[in-house]
Engineer: 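My structure is below; once you've seen it, I'll send some questions.
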Amino acid sequence: HDLVARRTLTFVAFVCVTFSGANGAGAVPPRDAESLGAALENVIEPIIGTQLVGCVVGVQTPSYTFVRGYGGLTPGDASPSDASPEGPSPVGPSPAADKIYEIGSITKAFTGTLLADAVLRGEMSLDDPASKWLPEDAGLEVNDTPVSLRHLATHTSGFGPVPANLKPKDSERPFDGYGVDALLAALASFRPPNAPGSYAYSNYAMGTLGVLLERATGKPYDQLLVA
């Protein structure tokens, strides 16, 4: 299976909105979908075309479900909000609930959560060396300091951004077709260029952690997400 989901959209933004109760204490969602829609429009529409290309907002409460798209799918699909008194005027297709989006690095948050779950179950420890679940020829150690699961999860592993054997055929979808076997082959001859402990964002490290979770639990990544 591919390590990174297929890319299908040029740009997606996520908007976080906090709703305060009348007394200012606690986050309280609006009482109905219509009120929520009005509140979101006040936050999102002024920045369409300037700070935001487009987004889909989904909110589920015990009493209602709200899904609505704003803006466009690409930078040319939405004009700035001050283009007309009525707000942004989309010139292309708008995002919608049935659109397919690139999941991108949201999977890193999933992977970190799966690691935390495995630690709570006693199956793994944050300070376990990554090599514990890798073939013997994977030498993930620099100056006698082993790369730990904690290092992989916090971008402090010393790994570079991507594996050396990643040769993308499509720059828009660099990880298409790059699976576990390719990653293990890369790790077999890999020595981190930097000692663990210093921060450097790494898709390589997080992909490795995802594979280690599979090997430690005996379950495919997609099954771990729904377990």
Engineer: Measure the spacing between CG of L183 and CG of L134 and express it to the nearest 0.5 Å.
Structural biologist: 8.0 Å
Engineer: Answer yes or no: is there a side-chain heavy-atom contact under 4.5 Å between E123 and T217?
Structural biologist: yes
Engineer: If only atom types and distance count, is the side chain of R215 paired as donor or acceptor with the main-chain N or O of W133 below 3.5 Å?
Structural biologist: yes
Engineer: Check S202 against A205 and note the closest heavy-atom contact, atom names and distance.
Structural biologist: OG-N, 2.9 Å
Engineer: Only one of L209, T111, L115 forms a side chain to side chain contact (heavy atoms under 4.5 Å, CB included) with L152, so which one is it?
Structural biologist: L209
Engineer: Can you confirm whether the side chains of S105 and K108 place a donor and an acceptor under 3.5 Å from each other?
Structural biologist: yes
Engineer: Flag the pair Y70 / L40 as yes when at least one side-chain heavy-atom distance between them is below 4.5 Å, and no otherwise.
Structural biologist: yes
Engineer: Measuring from L225:CG to D117:CG, what's the distance to the nearest 0.5 Å?
Structural biologist: 10.0 Å
Engineer: Is there side-chain contact between Y199 and T154, with at least one heavy-atom pair below 4.5 Å?
Structural biologist: no
Engineer: Parallel, tilted or perpendicular: which one describes the rings of Y201 and H155, with boundaries at 30° and 60°?
Structural biologist: parallel
Engineer: When you compare the side chain of V57 with that of V67, does any pair of heavy atoms fall below 4.5 Å?
Structural biologist: no
Engineer: Under a 4.5 Å cut-off applied to non-hydrogen side-chain atoms, are K132 and L149 in contact?
Structural biologist: no
Engineer: Counting the benzene-type ring for Trp, do Y204 and F190 have ring centres under 6.0 Å apart?
Structural biologist: yes
Engineer: With heavy-atom distances below 4.5 Å as the criterion, would you say the side chains of I44 and C55 are in contact?
Structural biologist: yes
Engineer: Would you check, one step at a time, whether the test side-chain contact (heavy atoms from CB on, under 4.5 Å) holds for E214 with V180?
Structural biologist: CA-CA 10 Å; E214 291 187 326; V180 174; 4.0 Å; yes
Engineer: Can you confirm whether P161 sits close enough to N203 that some side-chain heavy atom of one is under 4.5 Å from a side-chain heavy atom of the other?
Structural biologist: no
Engineer: Measuring only between side-chain heavy atoms, which start at C-beta, is D32 closer than 4.5 Å to F66?
Structural biologist: no
